[in-house]
Trainee: 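Once you've had a glance at the structure underneath, I'll fire off some questions.
Here the structure is a predicted model, which means the values were calculated and not measured. These numbers come from the heavy atoms of this one structure, side chains and all, not from hydrogens, waters or symmetry mates.
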Amino acid sequence: MSKSSTVGQVISCRAAVAWEAGKPLVIEEVEVAPPQTNEVRLKILYTSLCHSDVYFWEAKGQNPLFPRIYGHEAGGIVESVGEGVTDLKAGDHVLPVFTGECKDCAHCKSEESNMCDLLRVNTDRGVMLSDGKSRFSIKGKPIYHFVGTSTFSEYTVVHVGCLAKINPLAPLDKVCVLSCGISTGLGATLNVAKPKKGSTVAVFGLGAVGLAAAEGARISGASRIIGVDLNSSRFEEAKKFGVTEFLNPKDHKKPVQEVIAELTNGGVDRSVECTGSVEAMISAFECVHDGWGVAVLVGLPHKEAVFKTHPVNFLNERTLKGTFFGNYKPRTDIPSVVGKYMNNELELEKFITHKVPFSEINKAFDYMLKGEGLRCIIHMEE
C-alpha cells in the first residue's frame, strides 16, 4: 500500500492559513508532523464552515492567536496513528470533534455528562496536549492549531479522544456537518428538551443550529414547531425543517413570550434557544408552560451577559437547562447520529446550501458573513 510510505514521515500539503485576524485565509504549503502518543493523523476530505470559525478568526473578545489553521467541522480518513492508539487504524473513516472523550475522567464515566476534563473544548490552546507543541509548520516556523482539529488542511493531527469512528459507507460530504453545529442543535432537542410526540416546541434562532433543533422536534413528532427569528426571510427555508409557525418579535408590541403563551393556551411544552441573546433566553424560558415546561439554552452569550427572571417562574414548575454539544459524547454517541442519517430518520442534505473547492475557501467565509445559506461544504480534492 502506498499509504505506508507516509507513516512516520512529515507530510507536505496545502492548508488555509489565517495569518492575522479578519484577513482572508491564504493557501500555503505546510509541513504536518507525524502523530505522537494518543494522536492520529488524518486526511481531510470535506470540511465545512461553522460560525465559531468566523468568530475566532475575527478575534473579537478572545485571545488572538496567529498564524493559525482554523476549521472543526469535517470528515476524513485516518492516515496513521501514534503510540497508544488502539481503537483506530489507517483507513478508518472519522469525524473530528472540537471537544473530546478521554473515557477515563469523572465526566466521561458519568452517564449524564459529555464535558470531558481532559479534552473539553479549549479555544485558547494552539498546541497538542502531549508535548505542548504544534504539528504544523511552514519552513520550521510553527502554525497554531484550533480547538484540537484544524481541518482547513489536507492533513491534520488530532487527539484520538476527539475522533468519532463512523460507518465507512456514510458519505463524508454529508455527515461532516454532524461534527459540530447540527449535532449541537439536534441533541439539544432529542437529548435535553426531549419533547413528547404531539407536543409543542418553540425554537429561537433559525440558523443551522436552530434548524437542527427544529429537525429534532420534527423527528420527535412534535405537533407544532414555532420558529422565532428577527429575520422574517428565514421562515420559508425553516418549513423544510418542520417549523409550522413563525414569529418575528419585531412584529409584536408585547414580549414574544406573551404572544407564544396566547397562541398555545398557556405556553409551549419545550423551547430551545439557539441565538445567545439574553433577551431570547428570557423569552425562551418564560414562554414554556407552567407545571411541565422545559427550556434549553444552546446559544453562546457574550462574556458579560447576565439575565433576570422572576423566581416564581421556577416555583411554578418550569425548568431551565443548558447543553454543550447537544449532550453527545463524541466517540460513544456520534456514530449513532450518523446511523440516524443512514436510516433516513435524519435529513442532512437540506442543511447544505453551498459547495466550494478548497482553493476558494474564502467564498465560504463571504457566504457566512453575508448570512447566506446554512452550511458550505469545502471539498479538499480540486
Trainee: Shared ILVMFWY cluster between Ile69 and Trp19, side chains joined below 4.5 angstrom?
Mentor: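 Same cluster: Ile69 reaches Trp19 through Ile, Leu, Val, Met, Phe, Trp or Tyr contacts under 4.5 Å.
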Trainee: Examine distances only and state if a side-chain atom of Asn248 and a backbone atom of Leu230 form a donor-acceptor pair shorter than 3.5 Å.
Mentor: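 Judged by distance alone, yes, a pair lies under 3.5 Å.
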Trainee: To the closest 0.5 Å, what do you measure between OG1 (Thr332) and CG (Asn114)?
Mentor: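 Between atom OG1 of Thr332 and atom CG of Asn114 there are 10.0 Å.
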Trainee: Check for a donor-acceptor pair, side chain of Ser179 on one end and backbone N or O of Ala74 on the other, with a separation under 3.5 Å.
Mentor: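 It does hold such a pair.
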Trainee: Heavy-atom count around His302 NE2 within 6.0 Å, excluding the residue itself: above 12?
Mentor: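 For His302, atom NE2 is not crowded (no more than 12 foreign heavy atoms under 6.0 Å).
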Trainee: Looking at Lys139 and Glu28, is there a salt bridge between them, counting it only when a charged N and a carboxylate O are closer than 4.0 Å?
Mentor: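 Result for this pair is no, no salt bridge flagged.
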Trainee: What pair of heavy atoms forms the shortest contact from Val268 to Thr264, and how long is it?
Mentor: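 Heavy-atom minimum between the residues: N-OG1, 3.6 Å.
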Trainee: With heavy-atom distances below 4.5 Å as the criterion, would you say the side chains of Leu190 and Lys340 are in contact?
Mentor: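 A side-chain contact under 4.5 Å exists here.
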Trainee: Just so I know, are the side chains of Lys89 and Val78 near enough to count as touching, which here means a heavy-atom distance under 4.5 Å?
Mentor: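 Answer no - side chains too far apart.
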Trainee: Just wondering, do Ser153 and Cys13 contact through their side chains at under 4.5 Å, heavy atoms?
Mentor: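 The answer is yes, as the side chains (C-beta and beyond) meet within the 4.5 Å cut-off.
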Trainee: List the steps, then state whether side-chain contact (heavy atoms from CB on, under 4.5 Å) holds for Glu286 with Arg318.
Mentor: CA-CA 8 Å; Glu286 295 184 357; Arg318 290 180 184 87; over 6 Å; no
Trainee: Using only atom types and a distance under 3.5 Å, with no angle test, would you say the side chain of Thr200 pairs donor to acceptor with the backbone of Arg224?
Mentor: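 No, Thr200 side chain to Arg224 backbone: no donor-acceptor pair under 3.5 Å.
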Trainee: Of the non-hydrogen atoms in Pro96 and Ile44, which two are nearest, and what is the gap between them?
Mentor: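 Distance-wise, the nearest heavy atoms are CG-CD1, 4.5 Å.
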Trainee: Quick check: does any side chain N or O of Glu262 sit under 3.5 Å from a backbone N or O of Asn265, one acting as donor and the other as acceptor?
Mentor: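 No, the answer is negative, given that no donor and acceptor are paired below the 3.5 Å cut-off.
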Trainee: Could you pull out the closest heavy-atom pair between Leu178 and Ser183, with the gap in Å?
Mentor: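 Minimum heavy-atom contact is O-OG, 2.5 Å.
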Trainee: Can we call the ring centroids of Phe314 and Phe285 under 6.0 Å apart?
Mentor: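 Yes, the ring centres sit under 6.0 Å apart.
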Trainee: Quick one, Val17 and Phe136 - any side-chain contact, counting heavy atoms below 4.5 Å?
Mentor: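 A side-chain contact is absent here, since even the closest heavy-atom pair is not under 4.5 Å.
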Trainee: Treating Ile, Leu, Val, Met, Phe, Trp and Tyr as nodes and any side-chain heavy-atom pair under 4.5 angstrom as an edge, say whether Tyr55 and Met368 lie in one connected cluster.
Mentor: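 Linked within one cluster.
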Trainee: Could you tell me whether Asp124 atom CG has more than 12 heavy atoms of other residues or ligands within 6.0 Å of it?
Mentor: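 Check passes, neighbour count above 12.
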Trainee: More than 12 heavy atoms of other residues, nucleotides or ligands under 6.0 Å from NZ of Lys194: yes or no?
Mentor: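 Result for NZ/Lys194: open.
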Trainee: Look up atom CG in Leu374 and atom CG in Leu49, then write down how far apart they are to the nearest 0.5 Å.
Mentor: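 Leu374 atom CG to Leu49 atom CG measures 12.5 Å (nearest 0.5 Å).
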Trainee: Has the side chain of Thr323 got a donor or acceptor atom that lies under 3.5 Å from a matching backbone atom of Ala188?
Mentor: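 Such a contact is absent between Thr323 side chain and Ala188 backbone.
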Trainee: Would you call the rings of Phe146 and Phe56 parallel, tilted or perpendicular, where under 30° means parallel and over 60° means perpendicular?
Mentor: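 Correct class here is tilted.
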Trainee: Would you say the side chain of Leu42 lies within less than 4.5 Å of the side chain of Thr156, judging by non-hydrogen atoms?
Mentor: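 Of all side-chain heavy-atom pairs linking Leu42 with Thr156, at least one is under 4.5 Å.
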Trainee: So, taking the atom named CD1 in Ile77 and the one named NZ in Lys43, what distance separates them when rounded to the nearest 0.5 Å?
Mentor: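 Reported to 0.5 Å precision, the distance equals 8.5 Å.
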Trainee: Mind checking the CZ-CG spacing from Phe365 to Leu25? Nearest 0.5 Å is all I need.
Mentor: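 If we round to the nearest 0.5 Å, Phe365:CZ and Leu25:CG are 4.5 Å apart.
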Trainee: Between Thr149 and His72, is there a side-chain donor-acceptor contact under 3.5 Å, judged purely by atom types and distance?
Mentor: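 No, because no side-chain N or O of His72 sits under 3.5 Å from a partner of the opposite role on Thr149.
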Trainee: For Ile377, does its backbone N or O pair with a side-chain atom of Ser48 as donor and acceptor, under 3.5 Å?
Mentor: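 Side chain of Ser48 to backbone of Ile377, a donor-acceptor pair under 3.5 Å: no, none is there.
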Trainee: Is the backbone of Glu83 close enough, under 3.5 Å, to the side chain of Thr37 for a donor and an acceptor to pair up by distance?
Mentor: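 No; zero donor-acceptor contacts below 3.5 Å.
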Trainee: Are the side chains of Val160 and Val81 in touch, meaning some heavy atoms are under 4.5 Å apart?
Mentor: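 No, their side chains stay 4.5 Å or more apart.
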Trainee: Mind checking the CG-OG1 spacing from Asp53 to Thr151? Nearest 0.5 Å is all I need.
Mentor: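 Result: 6.5 Å between the selected atoms.
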Trainee: Got more than 12 heavy atoms from elsewhere within 6.0 Å of NZ, Lys103?
Mentor: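 More than 12 within 6.0 Å, yes.
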Trainee: Let me see the working for Phe325 and Val121 under side-chain contact (heavy atoms from CB on, under 4.5 Å), right down to the final yes or no.
Mentor: CA-CA 10 Å; Phe325 190 52; Val121 65; over 6 Å; no
Trainee: Run the numbers on Leu206 and Phe246 for side-chain contact (heavy atoms from CB on, under 4.5 Å), then give the verdict.
Mentor: CA-CA 10 Å; Leu206 299 176; Phe246 181 77; 3.6 Å; yes
Trainee: Check whether any side-chain N or O of His145 sits under 3.5 Å from a backbone N or O of Arg135 as a donor-acceptor pair, and report yes or no.
Mentor: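 Yes, His145 side chain to Arg135 backbone: donor-acceptor pair under 3.5 Å.
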Trainee: Compare all side-chain heavy atoms of Ile260 with those of Val228 and state whether any distance is below 4.5 angstrom.
Mentor: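 With C-beta onward as the side chain, the pair touches.
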Trainee: May I ask you to decide if the ring planes of His379 and Tyr46 are parallel, tilted or perpendicular, using 30° and 60° as cut-offs?
Mentor: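 Ring orientation, 0 to 90° scale: tilted.
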Trainee: Any idea which heavy atoms bring Ala284 and Glu273 closest together, and the distance?
Mentor: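 For Ala284 versus Glu273, the nearest heavy atoms are CB-CB, 3.9 Å.
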Trainee: So which atom in Cys102 and which in Leu118 form the shortest heavy-atom distance, rounded to 0.1 Å?
Mentor: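 Taking every non-hydrogen atom into account, CB-CD2, 3.9 Å.
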Trainee: Assess whether side-chain contact (heavy atoms from CB on, under 4.5 Å) is satisfied between Leu369 and Glu58, documenting all intermediate values.
Mentor: CA-CA 11 Å; Leu369 291 167; Glu58 289 178 323; 3.6 Å; yes
Trainee: Is there a path of hydrophobic side-chain contacts, each under 4.5 Å between heavy atoms of I/L/V/M/F/W/Y residues, joining Val243 to Val259?
Mentor: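 No; Val243 is not reachable from Val259 via cluster members.
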Trainee: What is the minimum heavy-atom distance between Cys274 and Gly210, and which atoms define it?
Mentor: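 Scanning both residues, the minimum pair turns out to be SG-CA, 3.7 Å.
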Trainee: Would you say that more than 12 heavy atoms from the other residues, nucleotides or ligands in this model lie under 6.0 Å from the CZ of Phe66, or not?
Mentor: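 Buried by this count: over 12 neighbours within 6.0 Å.
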Trainee: Taking NZ, NE, NH1 and NH2 as the nitrogens, is one of them in Arg41 or Glu79 under 4.0 Å from a carboxylate oxygen of the other?
Mentor: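 Salt bridge present between Arg41 and Glu79.
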Trainee: Hey, does the side chain of Thr184 reach the backbone of Cys180 with a donor-acceptor pair shorter than 3.5 angstrom?
Mentor: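 Yes.
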Trainee: If hydrophobic clusters are built from ILVMFWY residues whose side chains come within less than 4.5 Å, do Phe204 and Val288 share one?
Mentor: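 Yes, same cluster.
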Trainee: Hey, does the Lys NZ or Arg CZ of Lys239 hover above the aromatic six-ring of Phe235, less than 6.0 Å from the centre and inside 45° of the axis?
Mentor: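 Cation-pi check for Lys239 and Phe235: passes.
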Trainee: For Glu345, look at atom CD and say whether over 12 heavy atoms of other residues, nucleotides or ligands are found less than 6.0 Å away.
Mentor: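 More than 12 heavy atoms, drawn from other residues, nucleotides or ligands, come within 6.0 Å of this atom.
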Trainee: I need the Leu186 CG to Ile219 CD1 distance, nearest 0.5 Å.
Mentor: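 It is 5.0 Å, given to the nearest 0.5 Å.
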Trainee: Evaluate the side-chain proximity of Val177 to Glu73: yes if any heavy-atom separation is below 4.5 Å, no if none is.
Mentor: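 A side-chain contact exists here, since the closest heavy-atom pair is under 4.5 Å.
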Trainee: Using a strict threshold of under 4.0 Å (side-chain N to carboxylate O), is an ion pair present between Arg234 and Glu237?
Mentor: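 A salt bridge is absent here (no side-chain N lies under 4.0 Å from a carboxylate O).
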Trainee: Examine the side chains of Glu279 and Ser277 and answer whether a donor and an acceptor come within less than 3.5 Å of each other.
Mentor: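 Side chains of Glu279 and Ser277: pair found under 3.5 Å.
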Trainee: For residues Tyr70 and Ile27: do they belong to one hydrophobic cluster (side chain heavy atoms under 4.5 Å, members Ile, Leu, Val, Met, Phe, Trp, Tyr)?
Mentor: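 Linked within one cluster.
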Trainee: Salt bridge or not between Glu347 and Lys240? Use side-chain N to carboxylate O under 4.0 Å.
Mentor: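 Salt bridge between Glu347 and Lys240, a charged N being under 4.0 Å from a carboxylate O: no.
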Trainee: Give a yes or no answer on whether the side chain of Ser80 reaches the backbone of Val7 with a donor-acceptor pair at less than 3.5 Å.
Mentor: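 Checked: no pair found.
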Trainee: Between Glu101 and Tyr328, do the side chains contain an N or O donor and an N or O acceptor separated by less than 3.5 Å?
Mentor: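 Distance-only check fails for Glu101 and Tyr328.
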